[in-house]
Amino acid sequence: MAFFRNAKQPLGILLYNTRLSTCSRHGYSTWATKGTSFAQSTDTKASKTAYLYWVSRRFNSQAASSAEQMSLIKQLRERTSAPIKDVKASLVDCNWDIEAAQKELRKRGNVLAMKKSSRTATEGLLALAQLEGKAAVIELNCETDFVARNEIFEYLALALAKKALFVQNSSQQIPGVFSFGPECLEDLKLNLDHPKISGETTIQNAVTEVAAMMGENIKLRRGVVMSTSSHGVVSAYLHRCPQPGLGRIAGILSLEVENEISQLDALQKVGSELAMHIVAAKPLFLTKELVTSDVLNNEREILKSQAISTGKSPMAIEKMVDGRLRKYFEEVVFMEQKYFLNDSLSIKGLKRGYQKVETFKVSLALKLCTQ
C-alpha cells in the first residue's frame, strides 16, 4: 500500500525522498525523522525546495532540447520529403547540423535511387509545353500512382516539357516532328525553382534527386516535339488532367492553311476539337495512303477468310472484303473516321469550310499515352 501511495506523488518528490533515504543510511537525519528539531526541519525544507528547483530546471532543459530536435526533423523532412527515420539518422550522424544533414541525406538518396533504377516504372504523367507554332510532350514514369500525384513529381515533369521545346535535331525523319529518347535531354542544364528542389543542375541529376526524395524508380522515358509553318497551328489536348499541362493521354496535331491565317482563334478551336477526337477515336494512321502494305495485306487476308466461311461465290466474297476494308479504314484512319462530336461528318468532310475557317490540312497527328 505504501508503494501505491508514493506512486501518487510528483516525480520530483519521489526523487527527493529517495535521495534523503539514501543519505539517512549514512547517518544523516531526514526531515521525516521523529525528534528532529525545528531548525533541522527548516533546513530540510529549504534543501527540499532547492532540490525540486534543480530537478525542474533539468527536465525543462531536456524538454527544450527535445523540442529543438523535433523542429529540425520537421524542417529537414519538409525540405527533402525523405522518410522520417532517414531524416533523423542523418541529423544524428551530423550532430544535428541541418545543412550538413541535408547534404548527407542527398548523398544517401542518390545511392538509394541508383539501387532502385532497375525496378519497373509503369505509372507516370505526360507533360505538355507550348510556344507559338510548337508543342512538346514528354513522358515521366514512376512506380506508383501516389508518386505521380506528388507536387514535386508534377513540377519536374512540367520543367522537362518546357526544356524539350528547345530540343532540335536536323536528322528528323518526318518534317515537323521529332521523337526522342531520354539521352537527348539527360545532359542539358535545368534551372529549378521549387521549395524542395532548386538550383541549376542537369536533367539526369534532377531526375535522380527526385527519385531519392520519392523513394521510387523515376525515369524520363521519351518525348516528342511538333512544329508547324508560319501558316499553321499546333493544337493539343490532355486527358485525365490533374492540372494544366499534365495528363495521362495526349492528342496532338498540326493544322496548316494555304494562305496567311486570317482567323487564328477559329483555327485553334478546330485544332483543339480534333486533338480531343484523336484521344477519343484512337486513329492508327493519318490517311489511307499511309497504311502500310503489311498491315493492309494482313487485314485483307483476315477479312477474306471470314467471307469465305459464308460459302458465297468468289465475286460476292471480293465485294464483301472491299466493303469491310472500307469499314476498317473508317475505324483506324484519322481522315476517314466519323467526327466524334457529329457522326454525320467525317474528318475529311469536316475540314472543308468548318466554322468559317478556310480549307485546312492536317499535316501531322499523334496520340500518346503513359505505359
Side-chain angles (χ1 to χ4, degrees), residues 7-16 18-19 48-117 119 121 123-125 140 142-160 189-218 242-243 246:
K8 297 179 182 179
Q9 299 179 37
L11 179 61
I13 299 295
L14 290 175
L15 290 173
Y16 177 76
T18 302
R19 184 184 180 192
K48 177 180 177 182
T49 302
Y51 184 75
L52 289 177
Y53 177 73
W54 174 80
V55 170
S56 175
R57 286 198 61 182
R58 181 180 177 185
F59 275 86
N60 288 340
S61 175
Q62 289 178 346
S65 177
S66 178
E68 290 174 1
Q69 291 176 2
M70 289 301 297
S71 176
L72 289 172
I73 291 172
K74 182 179 178 182
Q75 291 177 46
L76 189 55
R77 164 75 171 166
E78 290 176 349
R79 286 189 189 184
T80 64
S81 296
I84 290 180
K85 64 176 184 178
D86 294 339
V87 168
K88 184 176 180 180
S90 180
L91 283 166
V92 170
D93 291 346
C94 297
N95 198 25
W96 298 95
D97 183 336
I98 191 170
E99 299 299 333
Q102 183 175 355
K103 186 176 180 180
E104 179 65 22
L105 199 59
R106 290 179 66 180
K107 289 179 181 178
R108 292 181 183 180
N110 288 345
V111 173
L112 291 175
M114 286 185 281
K115 290 180 179 178
K116 292 179 173 66
S117 61
R119 298 191 334 203
E123 292 290 337
L125 289 171
L140 188 65
C142 57
E143 295 179 45
T144 63
D145 180 65
F146 177 78
V147 167
R149 290 182 278 110
N150 184 280
E151 61 165 342
I152 303 175
F153 184 88
E154 293 179 345
Y155 173 82
L156 177 62
L158 288 170
L160 294 180
K189 293 291 185 179
L190 193 64
N191 194 9
L192 301 173
D193 184 16
H194 187 276
K196 296 181 180 180
I197 177 171
S198 60
E200 187 177 67
T201 182
T202 64
I203 287 178
Q204 185 176 19
N205 288 341
V207 172
T208 301
E209 185 171 347
V210 172
M213 289 181 179
M214 301 295 104
E216 287 192 6
N217 180 21
I218 293 177
Q243 65 165 291
L246 297 172

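Worth saying up front: this structure is predicted, and the values here are computed from it rather than measured.
- For the pair Cys142 and Phe153, the tightest heavy-atom approach, listed with the atom from each and the gap, is CB-CE1, 3.7 Å.
- Side-chain atoms of Val210 and Tyr155, non-hydrogen and from C-beta on, never get closer than 4.5 Å to each other.
- Residues Pro242 and Glu154 form a side-chain contact, since some pair of their non-hydrogen atoms from C-beta on lies under 4.5 Å apart.
- Here CD of Glu123 is found 12.5 Å from CD1 of Ile218. Values are rounded to the nearest 0.5 Å.
- Proximity of a side-chain donor or acceptor of Glu143 to a complementary backbone N or O of Glu216 within less than 3.5 Å is not detected.
- Interatomic distance, CD1 of Ile152 versus CE of Met213, reported as 5.0 Å (0.5 Å rounding).
- From Asn217, atom CG reaches atom OG1 of Thr144 across 11.0 Å, with rounding to the nearest 0.5 Å.
- Taking CG of Leu72 as the start and NZ of Lys88 as the end, the distance is 12.5 Å to the nearest 0.5 Å.
- Ser71 places no side-chain N or O within donor-acceptor distance of the main-chain N or O of Ala67, the cut-off being under 3.5 Å.
- Considering Leu190, Leu125, Ile197 in turn, Leu190 is the only one that fulfils the side-chain contact (heavy atoms from CB on, under 4.5 Å) rule with Leu156.
- Taking the side chain as every heavy atom from C-beta outward, Lys196 and Glu151 approach each other to under 4.5 Å.
- Scanning both residues, Leu192 and Ala159, for their nearest heavy atoms gives CD2-CB, 4.1 Å.
- In this structure, CD1 on Ile98 lies 10.0 Å from CD1 on Ile73, to the nearest 0.5 angstrom.
- The nearest pair of heavy atoms linking Ala101 to Leu91 is CB-CD2, 3.5 Å.
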Could you go step by step and tell me if Thr201 and Glu209 meet the side chain to side chain contact (heavy atoms under 4.5 Å, CB included) rule?
CA-CA 10 Å; Thr201 182; Glu209 185 171 347; 5.6 Å; no
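- Under the side chain to side chain donor-acceptor pair (under 3.5 Å) criterion, Glu200 pairs with no residue, sequence neighbours left out.
- The shortest side-chain heavy-atom distance between Leu158 and Gln243 falls under the 4.5 Å cut-off.
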